[in-house]
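All heavy atoms count here, side chains included; hydrogens, waters and symmetry mates do not. Starting from 1, each residue takes its place in the sequence as its number.
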Amino acid sequence: MSIHYEMHSELSTPPSKASTPEILVSAVLHLMSHYTVNSINAEGEAACVKLASVIEKHLQALSELPELAPVLRATCQQLSEQWATLVDRNLCQPRKPKRFSWLM
C-alpha cells in the first residue's frame, strides 16, 4: 500500500506576503516532517517532488520577510536553495516503472 500525502489548499499554494511568519514557519515545519516521514514509501519510491517544491516555496517566502531577523532570513534562503536543488535533481531523474506494471 502506498502512502500519499494529500496537499491541503492552504499549504500547497505559495504563501502570501500577508501571512504571518509564525504561520509560515509552522506550515514549513509541518511539511518537512511529512516529507521526512514519507521519504521512502512502501514501494521504495522517492518522496513527493511536489511536496519538496512547496517546502522550497515556503522557505523562499520566509527568506523575503523583512520582519524576520537577518540570521533567520539567511537560513531560510540557504535551505530554500538546498530544497530547490533537491527538486531539480528529482525532476530530472526518470521515474522507475512500478514492479509488474506491464501486467496492468
So do Leu62 and Arg73 actually touch side chain to side chain, heavy atoms under 4.5 Å? no
How long is the straight-line distance from CG of Leu68 back to CG of Leu65, given to the nearest 0.5 Å? 5.0 Å
Interatomic distance, CG@Leu59 vs CD@Glu64, rounded to 0.5 Å, equals 11.5 Å
Contacts of Ala84 meeting side-chain contact (heavy atoms from CB on, under 4.5 Å) (sequence neighbours excluded), chain-then-number -> Glu56
Considering only heavy atoms from C-beta outward, does the side chain of Tyr35 approach that of Val54 to under 4.5 Å? no
Contacts of type side-chain contact (heavy atoms from CB on, under 4.5 Å), residue Gln82, not counting sequence neighbours: Leu79
Gap between atom CG of Leu31 and atom CH2 of Trp83 - 0.5 Å precision: 9.0 Å
Check whether any side-chain N or O of Ser63 sits under 3.5 Å from a backbone N or O of Gln60 as a donor-acceptor pair, and report yes or no. yes
When rounded to the nearest 0.5 angstrom, what distance separates NE2 in His34 from CG in Leu29? 11.5 Å
Rounded to the nearest 0.5 Å, what separates atom CG in Asn90 from atom OG in Ser53? 11.0 Å
Rounded to the nearest 0.5 Å, what separates atom NE2 in His58 from atom NE2 in His30? 10.0 Å
Suppose we screen for side chain to side chain donor-acceptor pair (under 3.5 Å). Which residues come up paired with Gln78, at least two apart in sequence or across chains? none
